[in-house]
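One structure is given here, and the rest of the page talks about it.
Note that the structure is predicted; figures quoted are calculated from it, not measured.
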There are 2 protein chains.
Amino acid sequence: MEIAILLFDRFTALDAVGPYEVLRSTPGAEVKFTAKRSGPVRTDAGSLAITADYALDTVTSPDILVIPGGPGQTALMDDGEILDWVRRVHTHTKWTTSVCTGSLVLAAAGLLKGLRATSHWLALDQLRKYGAEPTAERVVIEGKIITAAGVSAGIDMALTLVAREFNDEIAQAIQLGIEYDPQPPFDAGSPSKAPASIVERLRSRSRFILEG
Amino acid sequence: MEIAILLFDRFTALDAVGPYEVLRSTPGAEVKFTAKRSGPVRTDAGSLAITADYALDTVTSPDILVIPGGPGQTALMDDGEILDWVRRVHTHTKWTTSVCTGSLVLAAAGLLKGLRATSHWLALDQLRKYGAEPTAERVVIEGKIITAAGVSAGIDMALTLVAREFNDEIAQAIQLGIEYDPQPPFDAGSPSKAPASIVERLRSRSRFILEG
């Protein structure tokens, strides 16, 4: 099972590493961190670099594609080489997935037309521009395409994928292995639950307001 | 606020990246991925490498220290250079933290004697050898030392730390930013909740049985 995780300048680390930590433990998993050029790729904050061991043209038919989000997704949406690669490998995948604003890259590649999809809550409305139906759920499955909400939702997405592709027992064993028994100290992880003042503060600073 | 995250061969990626994704967004955060030598450091699965931009001797007084776990922690526990560094920087930190089996490194450095502490559920008993009191809680705070349970617990630990060091609003804003509203598809993330057969399967394969 070949798993390609796309890296790009200014990606968000947890978007990529959440699914990685789940998918790497599936039977026969071979994970390939992939970018335009091989070598270290820096996150949004700049202080973390993950090595892309594979350049785009060396990964042609992954079984699973994971596209993380992050501020760099904006540039990716205008990058013909990336969008062509996404469209091409999508014809081979068993599962094409995104985390956070990675769904906007799938949308820009034309893969979400007429489909329900999710994204980071601040970016959800953007999906409509590309013919997708924004859906404020944590994990949205449409055929072989799975989109996840913001950042940490990639863990839930990957466990859901493992249960579908393999079985519940393998997904549960992986969940227990990563001791994923979440106990956040606050219940502030979605705009419907966080204090309104905090929701508004994040909304007022969002890059999606500037980008329209 | 200088944040040192220790990397070592065969660390577990999510142990490091969970806290990173939370702590990097705190006011004035400067994250330094640190290892014996600077350069890429490979995870347990080998398919992911994070770059250590800093060698041990260049990081002398971080405000926050994060020690992730992973199979490589065993070698670390016999590594005098690492243990000396941990003891030395601990005298400067505001917070010394671990995720998963990273707590065994703190224990081996002699920092957990007489203290309650947690670890990955499969490793919890090992803490007793070093004079710590194993505590099956997700996040355990003892003065300025915070230990977290397995892998994904680092996210909860880091949010708890942010609330203590800064305030609840900053922790909640970060939680909302990473949309940490967990919805795992199963309730199998701890040995008290997972099916007994899966708990036993993981226990029978555990490296801690071999290591005694």
Most heavy-atom pairs under 4.5 angstrom with chain A, which of B:Leu176, B:Thr51, B:Val151, B:Asp156?
B:Leu176
What part of B:Ala45 gets closer than 4.5 Å to chain A, counting heavy atoms only: side chain, backbone, both or neither?
both
Among B:Leu159, B:Asp168, B:Thr12, B:Asp15, residue most engaged with chain A (heavy-atom pairs, under 4.5 Å)
B:Asp168
Counting only heavy atoms closer than 4.5 Å, note whether B:Glu21 contacts chain A via side chain, backbone, both or neither.
side chain
Between A:Gly46, A:Gly177, A:Ala163, which residue shows the highest count of heavy-atom pairs closer than 4.5 Å to chain B?
A:Gly177
Please confirm whether the backbone N or O of B:Tyr180 pairs with a side-chain atom of B:Gln175, one donor and one acceptor, at under 3.5 Å?
yes
Is a donor on one side and an acceptor on the other found under 3.5 Å between the side chain of B:Glu179 and the backbone of A:Gly150?
yes
Taking atom types as modelled, find out whether A:His90 and A:Thr96 have a side-chain donor-acceptor pair closer than 3.5 angstrom.
yes
Selection from A:Ser47, A:Ala52, A:Ala194, A:Ser190 maximising heavy-atom pairs under 4.5 Å formed with chain B
A:Ser47
So, the part of A:Ala13 with a heavy atom under 4.5 Å from chain B: the answer is both
Look only at the side chain of A:Arg138 and the backbone of B:Asp181, and say whether a donor-acceptor pair between them is shorter than 3.5 Å.
yes
Whether B:Trp95 side chain and B:Ile64 backbone form a donor-acceptor pair below 3.5 Å:
no
Could you check whether any side-chain heavy atom of A:Ile145 comes within less than 4.5 Å of a side-chain heavy atom of A:Val140, counting everything from C-beta outward?
no
Strictly distance-based, threshold 3.5 Å: is any side-chain N or O of B:Asp44 a donor or acceptor partner for the main-chain N or O of B:Arg10?
no
Given heavy-atom pairs under 4.5 angstrom as the criterion, report whether the side chain, backbone, both or neither of A:Pro191 touches chain B.
both
Lys/Arg-Asp/Glu bridge criterion (N-O < 4.0 Å) met for B:Arg42, A:Asp53
yes
Go through A:Ile198, A:Val31, A:Thr160, A:Leu48 and name the one with the most non-hydrogen pairs under 4.5 angstrom from chain B.
A:Leu48
Main-chain N/O of B:Thr93 paired with B:Asp63 side-chain donor or acceptor, under 3.5 Å
no
Test side chain to side chain contact (heavy atoms under 4.5 Å, CB included), reference A:Thr147, set A:Cys100, A:Ser119, A:Ser103, output is A:Ser103
Under a 4.0 Å threshold between the charged nitrogen and the carboxylate oxygen, would A:Glu137 count as salt-bridged to A:Arg116?
yes
Max heavy-atom pair count under 4.5 Å with chain B, selected residue of A:Ala173, A:Ser197, A:Ser25, A:Ala171:
A:Ala173
Would you tell me whether A:Arg88 and A:Ser61 have side-chain atoms, one donor and one acceptor, within less than 3.5 Å of each other?
no
Using heavy-atom distances under 4.5 Å, tell me whether B:Ile5 contacts chain A through its side chain, its backbone, both, or neither.
neither
Sort A:Leu202 into side chain, backbone, both or neither according to what part of it lies under 4.5 angstrom from a heavy atom of chain B.
side chain
Which portion of A:Val199 sits near chain B, non-hydrogen atoms under 4.5 angstrom:
both
Given that the side chain runs from C-beta out, which part of A:Phe186 has a heavy atom under 4.5 Å from chain B: side chain, backbone, both or neither?
both
Name the region of A:Pro40, side chain, backbone, both or neither, that has any atom closer than 4.5 Å to a heavy atom of chain B.
side chain
If one checks every heavy atom of A:Thr43 against chain B at 4.5 Å, the contacting part turns out to be side chain
Contact part of A:Leu122 toward chain B, heavy-atom cut-off under 4.5 Å: side chain, backbone, both or neither?
neither
Bottom line for A:Gln172: the part with an atom under 4.5 Å from chain B's heavy atoms is both
Quick one: what part of A:Lys32 sits under 4.5 Å from any heavy atom of chain B, side chain, backbone, both or neither?
neither
